[in-house]
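In what follows, a structure is listed as structure tokens, so that the remarks can point back to it.
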Amino acid sequence: MSVLPLRNPATGETFGSVTEASPAQVDAAVAKARLAFEAWSSTSLSERLRYLTRLRHYLVEHGEELAEKISQATGKVTIEAYMTEIFVTADTIRFYEKHAPQMLAAQPVPTPLVLWPKKSYIHYKPMGVIAVISPWNYPFQLAIIPMLSALVAGNTVILKPSEVTPSTGLLIEELFAVAGLPEGVVTVLHGGREVGSRLVAARPDKIFFTGSAATGKKIMAAAAEHLIPVSLELGGKDPMIVFEDANLERAANGAIWGAFTNSGQVCMSVERLYVHERVYPEFLRLVTEKTKALRQRFPAQAEVGSMTSREQLGIVRAHIEEALAAGAKAVTGGLPQTDSMFIPPTILTDVTPDMKIMREETFGPVLPIMTFSDEAEAIRLANESPYGLNASVWSSDKQRAQRVAEKLLSGNVCINDVIISYANPHLPFGGVKESGIGRYRGPAGLQAFTHSISVIHDPGSKKREFNWYPYTEDQQLMFSGLTRFLYGKRPKWDRPTLKAIWRELKRLR
Ligand code: NAD
């Protein structure tokens with residue numbers, strides 16, 4: 001069995017190790033989770049939520065300490081670890097405490113008159129064992145929020161955290177031990193892609209995957225073998241469109257936060273910025289000035305920390321290198337040093353749509369800027385991407401902002417803000433195109449961890465139904481008459497139909 005070192009990417013310090021799960025351990029974990037499912041799914045929702053409340057209290061009491069550990073695993077500054085991992089998780093728990101009972105309650109739906117006196121409703125049934133496979137960029141919240149959603153909905157969970165940030169996997173394991181969940185309800189399997197693919201092959205009842213589009217495709221192909229449902233939360237190349245009537249000061253502040261927060265390692269980072277040509281010089285002056293004022297160090301008194309993954313650092317470097325070689329200019333930052341995990345916040349101008357920096361997910365602190373001359377061009381440029389996760393539109397004209405927002409091929413859009421749609425747990429989150437399949441968060445996101453069971457209920461007092469055997473001429477008359485009356489151009493009853501209905505009604509009693 002191989003061992004994963006626990007390493008702080010910002011300092012290079014190694015602070016322990018964790019052993020990867022063996023194939024037998026993966027299979028045993030799935031079997032144990034399946035066994036635990038029956039009792040857990042029969043536990044009342046209020047009891048399940050009590051475990052979450054306990055977790056929320058623990059998060060609040062130990063938030064700073066947990067954030068420091070997350071910083072240590074990722075190289076992000078501690079304030080970001082607190083805001084985007086701890087706060088967001090506590091907020092999501094509170095959302096479930098308040099709204100899960102209503103979101104998971106049986107939902108009555110109307111029943112058409114022809115089906116009278118039946119009643120219909122939707123029952124949200126837990127699916128079984130949910131495999132959560134998570135990435136390294138927000139290693140805490142992108143693992144724990146899907147886990148909590150699955151648990152609230154009555155499922156048992158197996159987490160396979162990222163091998164790049166294994167210490168956060170250990171942290172999550174400890175946290176669930178504190179919550180005191182029954183044996184087998186939550187299992188953490190440490191390890192890399194082999195452990196992940198073994199988990200998929202062990203046939204969980206659903207796979208909730210967050211990571212790259214390339215891995216998402218592999219997981220979906222493997223899941224297809226057994227028709228295992230998947231939710232895929234994948235990458236992005238998010239556009240930001242700044243119109244000439246935008247509040248430029250706000251847009252510049254939003255752009256640098258959106259591009260450089262978490263060192264740009266955000267699936268919803270601003271990765272392409274399109275600014276109207278008329279305000280470009282002023283906007284560029286503002287973002288340049290503000291970027292130069294950013295402090296980069298680890299872990300505090302700074303805005304920007306280090307990169308988390310050395311592999312990703314190579315990709316960012318390659319994108320910057322290619323752009324500069326093809327004529328782009330670095331207004332701030334530039335090509336990072338090869339031996340440093342810190343990439344300085346980099347603004348690139350003179351970029352073109354064919355450069356990798358404008359086409360592929362960079363996932364680093366780089367803000368490439370282009371100009372546009374009218375609304376149609378801005379929409380066309382923004383939509384020219386295989387991805388569609390988040391986007392932002394900046395304008396003081398409400399109608400224009402909404403019109404453009406609705407034309408963007410993107411799962412989420414922010415107007416005069418960046419990334420923040422994710423922070424509202426009432427809103428579903430997810431991508432279009434290669435940014436993913438399915439939604440989580442919001443009612444649809446919680447219900448995605450259930451099977452929606454359609455139930456139709458007849459009082460059972462009549463001895464037969466209109467549509468049952470034996471077929472008669474009256475049934476034929478009745479259905480064609482009903483079709484003409486209910487759905488025809490000129491609804492009108494005719495005497496033979498009415499007589500047929502009368503005779504059929506008598507047959508029911
Ligand atoms: P990745 O695809 O390399 O790995 C993600 C996880 O999948 C890891 O736990 C990894 O061990 C596992 N894995 C890899 N191969 C596997 C296989 N064949 N079978 C099963 N599991 C396998 O992604 P990453 O580099 O960890 O994360 C960065 C990517 O995640 C970026 O593309 C980013 O945009 C995306 N992301 C998306 C969202 C979202 O919500 N849409 C959020 C964060 C990150």
Side-chain angles (χ1 to χ4, degrees), residues 2 4 20-21 23 26 73-74 84-85 88 131-146 149 158-166 168-169 172 188-202 204 207-225 228 230-238 261-271 307-316 360-364 385-390 410-412 419 421-423 427-441 445:
S2 47
L4 296 171
E20 292 201 58
V26 175
T74 55
T84 60
E85 307 255 27
V88 172
V132 174
I133 302 179
S134 58
W136 48 260
N137 61 328
Y138 289 95
F140 186 77
Q141 65 119 323
L142 291 177
I144 202 164
I145 294 181
S149 311
I158 296 185
L159 168 70
K160 207 300 281 170
S162 170
E163 64 277 30
V164 179
T165 47
T168 310
I172 293 173
V188 180
L189 292 172
H190 304 282
R193 58 190 61 162
E194 293 75 22
V195 176
S197 56
R198 182 71 185 206
L199 176 58
V200 171
I207 300 162
F208 186 95
F209 171 75
T210 309
S212 62
T215 309
K217 287 176 192 174
K218 284 187 202 149
I219 288 183
M220 190 162 175
E225 281 290 305
I228 302 170
V230 290
S231 283
L232 303 177
E233 297 289 344
L234 310 176
K237 188 75 192 167
D238 295 358
T261 185
N262 204 31
S263 282
Q265 304 163 113
V266 188
C267 53
M268 297 176 281
S269 281
V270 174
E271 290 231 356
M307 293 289 288
T308 303
S309 140
R310 191 163 280 284
E311 203 182 317
Q312 195 64 42
L313 190 117
I315 296 171
V316 181
E360 295 178 15
E361 188 179 46
T362 305
F363 225 56
S385 170
Y387 293 108
L389 191 55
N390 209 333
S410 179
N412 315 270
I419 301 181
S421 56
Y422 181 82
L427 282 174
F429 176 78
V432 302
K433 297 195 275 183
E434 295 217 356
S435 288
I437 294 177
R439 293 290 179 268
Y440 90 120
R441 295 174 79 71

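Every number for a ligand or one of its atoms is a count from 1 in the order of the listing. Atoms considered below: every heavy atom in the structure, side chains included; atoms not considered: hydrogens, waters and symmetry mates.
Of the polar atoms of Ser212, at least one N or O is found under 3.5 Å from an N or O of ligand 1, judged by distance alone. Considering backbone and side-chain N/O of Val200, none are found under 3.5 Å from N/O of ligand 1. On a distance-only criterion, Leu234 and ligand 1 share at least one N/O pair closer than 3.5 Å. For ligand 1, the polar-atom distance check finds an N/O of Lys160 within less than 3.5 Å of one of the ligand's N/O atoms. The shortest N or O to N or O distance between Thr215 and ligand 1 is below 3.5 Å. Between Trp136 and ligand 1, at least one pair of N/O atoms sits closer than 3.5 Å.
A donor-acceptor contact under 3.5 angstrom links the side chains of Asn390 and Ser421, judged on distance only. Counting only N and O atoms by type, the side chains of Ser410 and Lys433 include no donor and acceptor under 3.5 Å apart.
In Leu199, neither the side chain nor the backbone holds a heavy atom less than 4.0 Å from any atom of ligand 1. Proximity of Leu142 to ligand 1, defined as any heavy-atom pair under 4.0 Å, is confined to the side chain (atoms from C-beta onward).
Taking only non-hydrogen atoms, the option from Val266, Val164, Ile133, Asn390 nearest to atom 12 (C) of ligand 1 is Ile133. The heavy atom nearest to atom 8 (C) of ligand 1, considering only Pro146, Ser134, Ser269, is found in Ser134. Looking at Gly191, Ser162, Gly211, Ser197, it is Ser197 that brings a heavy atom closest to atom 18 (N) of ligand 1. Considering each of Cys267, Gly236, Pro166, the one bringing a non-hydrogen atom nearest atom 38 (C) of ligand 1 is Cys267.
Looking at every heavy atom in both residues, Gly264 comes nearest to Ser269 through O-OG, 2.9 Å. Residue Ala21 comes nearest to Val195 through the heavy atom pair O-CG2, 3.5 Å, listed as atom of the first residue, atom of the second, then distance. The shortest heavy-atom contact between Ile207 and Ala223 is CD1-CB, 3.9 Å.
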For Ser435 and Lys237, run side chain to side chain donor-acceptor pair (under 3.5 Å): C-alpha distance rounded to whole Å, both residues' side-chain angles, the deciding distance at 0.1 Å, then the answer.
-> CA-CA 9 Å; Ser435 288; Lys237 188 75 192 167; over 6 Å; no
